[in-house]
Amino acid sequence: MFKHIKTSGANRQIVTDLTRKLGLGAENIVARLAIAYSLGQRRKFAPTDVLDSSGKEYSANVLFGSNYLLYLAMLCALYGINEHDKNIPRLFKAHLDDGLQLIDKELKENPNISGFDYLIDKINEGLNIKT
């Protein structure tokens, strides 16, 4: 497992703003949601698609908590790679930045939604996905 991930410089303020707007706890909670949301969109990135790393830094333990293996499984399943792939840190970073951008855009389009309502909406959308 890698030790740290940093958001892009542009996402430094976004993660702070989303944390305050959603009111779901610490910044790492929003970062976890961002990764999961981006992975759930099933968009794939090349390891070279990462943005700059001049933003908020998270240790892997803080970012994933005790759920690292769950996030790793989601990432590996999406990309069809194994857990030892050298690009895993870059792919997590790409999904972190992508997810933050997606959530920020959605909340700007719907500024009156609460954090709880946002989560419920996303859970309902996930339950209704046709595969």
**OP:** Return the minimal non-hydrogen interatomic distance between Ser8 and Leu51, and the atom names on each side.
**Re:** CB-CB, 3.7 Å
Original post:
Are Leu39 and Val50 grouped together when hydrophobic residues (ILVMFWY) are joined by side-chain heavy atoms under 4.5 angstrom apart?
Top reply: no
**OP:** Please report the shortest heavy-atom distance between Asp85 and Ile81, naming the atom on each side.
**Re:** OD2-CG2, 3.6 Å
Original post:
Does the side chain of Asp49 reach to within under 4.5 Å of the side chain of Leu91, using non-hydrogen atoms?
Top reply: no
**OP:** With sequence neighbours left out, write down each residue that passes side chain to side chain contact (heavy atoms under 4.5 Å, CB included) with Asp121, or none if nothing qualifies.
**Re:** Ile113
Original post:
Are side-chain heavy atoms of Leu96 and Ile5 found at a separation under 4.5 Å?
Top reply: yes
Original post:
For Thr7 and Ile14, what are the C-alpha separation, side-chain angles and deciding distance, and is it a side-chain contact (heavy atoms from CB on, under 4.5 Å)?
Top reply: CA-CA 10 Å; Thr7 68; Ile14 289 174; over 6 Å; no
Original post:
So which pairs with a foot in residues 100-111 pass side-chain hydrogen bond (donor to acceptor under 3.5 Å, both in side chains), sequence neighbours left out?
Top reply: Asn11-Gln101, Tyr37-Glu106, Asp104-Lys108, Lys105-Glu109, Glu106-Tyr118, Glu106-Lys122
Original post:
Who else is in Ile120's hydrophobic cluster (ILVMFWY, side-chain heavy atoms under 4.5 Å, direct or via others)?
Top reply: Phe116
Original post:
At what distance, to the nearest 0.5 angstrom, does CG of Leu100 lie from CZ of Arg12?
Top reply: 12.5 Å
Original post:
If you take all heavy atoms of Leu102 and Arg43, which pair is closest and at what distance?
Top reply: CD2-NH1, 3.7 Å
Subject >> Residues in ring pair (Phe, Tyr, Trp, His ring centres under 6.0 Å) contact with Phe45, at least two apart in sequence or another chain >> reply: His95
**OP:** Could you pull out all residues at least two apart from Ala77 that satisfy side chain to side chain contact (heavy atoms under 4.5 Å, CB included)?
**Re:** none
**OP:** May I ask you to test the Ile88-Cys76 pair for a side-chain heavy-atom distance under 4.5 Å?
**Re:** yes
Original post:
Minimum heavy-atom separation for Asp17 to Arg20, with atom names?
Top reply: OD1-NH2, 2.8 Å
Could you give the side-chain donor-acceptor pairs of residues 57-75 under 3.5 Å, partners two or more places apart or in another chain?
{"unit_1": "Glu57", "atom_1": "OE2", "unit_2": "His4", "atom_2": "ND1", "d": "3.2"}
{"unit_1": "Ser59", "atom_1": "OG", "unit_2": "Val62", "atom_2": "N", "d": "3.1"}

Subject >> Shortest non-hydrogen separation from Ser53 to Lys93 and the atoms involved >> reply: OG-CE, 3.2 Å
Original post:
Do Glu27 and Lys56 have side-chain heavy atoms sitting under 4.5 Å apart?
Top reply: yes
**OP:** Please report the shortest heavy-atom distance between Ser38 and Asp98, naming the atom on each side.
**Re:** OG-OD2, 2.7 Å
Original post:
Atom NZ in Lys86, atom NE2 in His84: separation rounded to 0.5 Å?
Top reply: 15.0 Å
**OP:** Check whether any side-chain heavy atom of Leu24 sits under 4.5 Å from a side-chain heavy atom of Leu33, and report yes or no.
**Re:** yes
